[in-house]
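Quick notes on the structure that follows.
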Amino acid sequence: MDIVHALTNGFGVALQPINLLLVFLGCLVGTLIGVLPGIGPISGVALLVPLTFALKLPPESAIILLAGIYYGAMYGGSTTSILLNIPGETSSVVTTLDGNQMAKQGRAGPALAVAAWGSFIAGTLSVVGLMLLGPLLAKWAIRFGPAEYFALMIFGFSTLSALAGKNMAKALISTLLGLMLATVGQDPQSGISRYTFGLLQLEDGIDFLVVAIGLFAVSEVLVLLEEKTPNAVRTRVGRIYLSLKEFVFSLSSILRGSVLGFLIGVLPGAGASIASFVSYTLEKQLHGARGSFGQGDIRGVAAPESANNAAAGGAMIPLLTLGLPGSGTTAIMLGALVSLGVTPGPQMFQQHPAVVWGLIASMYVGNAMLLMLNLPLVGLFVRLLSVPRWFLLPSVLAVSFIGVYAVNNNPFDLLLMTIFGLMGYLMRKFDFPLAPVLLGLVLGYLMEINLRRAMAISNGDVSFLFSSPIAIGLWLLAGLSLLAPAILSRFVKREALGDDEI
Amino acid sequence: MSDRVLGILVLLLALGYGWLANRLEVGFFSDPVGPKPFPYLIAACTVLAALWLIARPDPNPQWPPRAFGPAFALVLGSLVAYAYLVVPLGFILTTTLEMTLLSLLFGARWWQGLGGALAFSLGVYLLFTYGLSVPLPAGKLLGLA
């Protein structure tokens with residue numbers, strides 16, 4: 001009853017003309033980002049945050065727009081995987097296996113259609129999950145004190161380090177670099193400057209947008225600079241339809257992919273890429289010899305495309321209820337919300353119902369919108385791939401300049417952006433995952449403040465951190481999460497997984 | 001091998017980071033923990049992670065051919081120059097130059113690159129300053145403001 005009432009109010013927010021327009025804009029931009037290889041959702045969201053600030057959007061409108069880009073990108077990623085064997089995002093890599101085979105057999109239409117319908121069903125189911133589980137988790141987490149929060153962060157960082165990259169030592173170093181960046185600037189409790197090297201511009205700390213845009217957008221352009229890939233691609237798409245028989249045939253795969261993707265999405269560090277890989281592998285193991293996986297089995301498209309959309313919905317749960325983002329994109333959303341005066345966490349469901357329920361309602365609207373947008377317009381989106389790279393990539397850089405400059409109106413940030421661009425380039429070369437840097441930066445302050453509060457309560461007694469059952473449980477989970485790679489490697493070849501840039 | 005060198009660099013970074021925390025001067029009005037222990041914790045964990053990396057390095061990464069070096073340096077240099085020039089020269093001029101340079105490196109003909117860069121820079125400048133009221137530097141040469 002409570003939920004119905006809250007959701008009604010949420011739709012009241014989501015259906016306001018400005019917010020409807022923003023859902024549409026978010027879904028459209030997200031689909032474009034999904035289609036275009038080279039621009040990931042993290043760069044896309046980071047580049048649009050300054051715009052939401054400039055337009056003085058209220059927090060609910062801003063998050064509606066940013067979330068639309070996030071799940072919209074999951075829809076778009078499948079298109080080029082199927083048609084051209086080029087995944088638009090890492091989360092659609094596995095879709096190329098059967099999707100492109102289907103296209104080669106002249107069944108591109110059903111492949112695209114099942115990806116769109118699977119995404120719609122999974123996206124909608126994951127919002128239902130978010131709506132039902134979110135308030136429960138928030139009610140439970142409201143009792144968290146500083147010790148529990150500190151343990152929660154440790155748990156988040158350990159799962160992240162275990163799952164985010166191929167090499168755990170490197171993922172850990174990425175996280176720690178982010179935490180180091182978080183300590184730059186004036187310490188809020190004692191007022192002394194740390195790691196500013198006498199530079200006034202660093203007193204307020206390093207802005208997460210400068211880091212995000214440098215690390216992801218600029219470094220991506222630098223990496224693409226050395227790749228000599230064909231400039232423009234053209235392709236034709238036939239009619240996009242799905243027969244009832246094919247739909248019924250793939251429905252169970254869609255549902256399994258949705259549940260699995262949702263659960264994986266909730267975990268910090270395990271994003272849409274892992275979800276799509278694991279669900280594909282599961283389908284293959286279930287149907288084994290009876291399927292034709294790798295040779296154009298429609299279930300090999302349905303399952304991973306459902307899973308990556310469900311993961312995007314699942315990832316909103318820890319963000320909204322605990323204030324603990326599990327991926328690079330949700331970390332930027334957290335940063336944006338905090339800048340707009342809304343701190344995500346257990347109190348958010350009570351203090352900012354318009355933001356939470358407006359977002360949930362907008363995700364129902366957005367998923368339906370994406371389905372209507374995608375089925376008839378795929379051909380149009382694919383034509384975007386004929387925009388030459390010599391125009392597209394410099395334009396991304398120009399928009400990065402605007403985004404970074406708009407943060408503080410200070411060209412110093414452009415220098416920082418260049419430094420982070422170089423750092424991102426080197427990290428990509430050495431196979432360090434990038435998202436943990438962003439998470440460390442966004443969460444470092446909260447982690448330190450909770451540690452210091454806990455120590456203030458206990459008068460410096462460290463055992464206070466392990467004093468409550470919840471805290472002990474979280475420490476144990478943190479320890480267990482270090483075993484996750486061993487479990488995961490039974491399902492997925494670690495090398496097959498790219499950097500999870502979702 | 002290159003991972004081992006990197007591991008040593010990370011180790012030095014962690015030690016330097018910890019040493020800087022040690023040099024902080026804390027006044028009387030602080031909480032019981034103070035601003036030092038959290039950096040110490042980070043430094044200690046980083047030292048361990050770096051040692052782990054040195055013990056178990058990955059194979060060497062694939063580097064681009066040496067001939068690519070000058071182009072890469074040119075782009076980095078131009079980005080630094082951009083940061084210094086954008087306010088005095090203005091957004092439109094600097095962005096056009098930067099985009100043209102990159103377009104050429106991405107394989108455009110000079111007139112394609114220049115035309116695309118000028119059109120895009122001018123377009124977004126007008127969109128952001130007039131449409132969205134995001135102030136971008138107008139510059140002293142092209143006094144458009």
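The chains referred to below are lettered A, B, ... by the order of the sequence lines, with proteins before strands, and numbering in each begins at 1. Keep in mind the model is a prediction, meaning the values are calculated, not measured.
- In this structure, chain B has no heavy atom under 4.5 Å from any part of A:Phe157.
- Between B:Phe91 and A:Phe401, the distance separating the two ring centers is not shorter than 6.0 angstrom.
- Going from atom CZ of B:Phe106 over to atom CG of A:Leu225 covers 4.5 Å, rounded to the nearest 0.5 Å.
- With a 4.5 Å cut-off on non-hydrogen atoms, B:Leu6 touches chain A through its side chain but not through its backbone.
- Annotation: maximal heavy-atom pairing with chain B below 4.5 Å, among A:Ile192, A:Asp431, A:Thr175, A:Leu177, occurs at A:Ile192.
- By the 4.5 Å heavy-atom criterion applied to side chains, A:Asn409 and B:Pro135 are counted as neighbours.
- Contact of the A:Tyr405 side chain with the B:Val134 side chain is not registered, since no non-hydrogen atoms from C-beta on lie closer than 4.5 Å.
- Contact detail for A:Ser193 and B:Leu24: the closest heavy-atom pair is O-CD2, 3.6 Å.
- Of the two parts of A:Leu426, only the side chain, counted from C-beta on, holds a non-hydrogen atom closer than 4.5 Å to a non-hydrogen atom of chain B.
- Heavy-atom distances place both the backbone and the side chain of A:Leu415 under 4.5 Å from chain B.
- In this structure, the portion of B:Thr95 lying under 4.5 Å from any heavy atom of chain A is its side chain and not its backbone.
- The candidate from A:Val404, A:Leu422, A:Leu451, A:Asp413 with the greatest count of non-hydrogen atom pairs under 4.5 Å with chain B is A:Leu422.
- Residue with the most contacts toward chain B among A:Leu393, A:Ile402, A:Val399: A:Ile402 (heavy-atom pairs, distance under 4.5 Å).
- No part of A:Ile419 comes within reach of chain B, as not one of its non-hydrogen atoms sits under 4.5 angstrom from that chain.
- Taking all atoms of both residues into account, the shortest heavy-atom contact from A:Met180 to B:Leu13 is SD-CD2, 4.0 Å.
- The two residues A:Ala169 and B:Leu53 come nearest to each other via the heavy atoms CB-N, 4.2 Å.
- Between B:Phe120 and A:Phe391, the ring planes are perpendicular. Angles over 60° get that label, and only those under 30° would be called parallel.
- Atoms CG and OH, on A:Leu397 and B:Tyr82 in that order, are 8.5 Å from each other to the nearest 0.5 Å.
- Contact of B:Pro137 with chain A is made through backbone and side chain together, with heavy-atom distances under 4.5 Å.
- The closest side-chain heavy-atom distance from B:Leu76 to A:Tyr425 is not below 4.5 Å.
- Between chain A and the options B:Ala117, B:Ala14, B:Ala21, the largest number of non-hydrogen pairs under 4.5 Å is found for B:Ala21.
- B:Arg56 is not listed as a side-chain neighbour of A:Asn167, based on a closest heavy-atom distance of 4.5 Å or more.
- Chain B forms the most heavy-atom pairs under 4.5 Å with one residue out of A:Ser395, A:Ala54, A:Ser161, and that residue is A:Ser395.
- Interface check for chain B: of the options A:Leu392, A:Asn459, A:Ile173, the most heavy-atom pairs under 4.5 Å are formed by A:Ile173.
- Surrounding OH of B:Tyr84 are at most 12 heavy atoms belonging to other residues, nucleotides or ligands under 6.0 Å away.
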Practice prompt. Mind running side-chain contact (heavy atoms from CB on, under 4.5 Å) on A:Met447 and B:Phe38 for me, showing each step along the way?
Written response: CA-CA 9 Å; A:Met447 190 174 174; B:Phe38 190 66; 4.0 Å; yes

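- For the atom pair CZ (A:Phe430) and CG (B:Asp58), the distance works out to 10.5 Å, reported to the nearest 0.5 Å.
- Here the CD atom belonging to A:Glu226 is positioned 4.5 Å from the CZ atom belonging to B:Phe68, to the nearest 0.5 angstrom.
- Separation of atoms OG (B:Ser2) and NZ (A:Lys429) is listed at 11.5 Å; rounding is to 0.5 Å.
- Across all non-hydrogen atoms, the minimal contact from A:Ala398 to B:Met99 is CB-SD, 3.7 Å.
- Both the backbone and the side chain of A:Val221 come within less than 4.5 Å of a heavy atom of chain B.
- The line from CG of A:Leu414 to CG of B:Leu79 is 9.0 Å long, rounded to the nearest 0.5 Å.
- Across B:Gly7, B:Pro65, B:Pro61, the residue that shares the most heavy-atom pairs under 4.5 angstrom with chain A is B:Pro61.
- The closest side-chain heavy-atom distance from A:Pro394 to B:Glu98 is not below 4.5 Å.
- For B:Val86, the part lying near chain A is the side chain, with the backbone staying farther off; criterion is any non-hydrogen pair under 4.5 Å.
- Residue A:Phe53: no heavy atom, backbone or side chain, is found under 4.5 Å from chain B.
- For B:Ala43, no part lies under 4.5 angstrom from a heavy atom of chain A.
- With a threshold of 4.5 angstrom between heavy atoms, A:Leu179 approaches chain B through its backbone and through its side chain.
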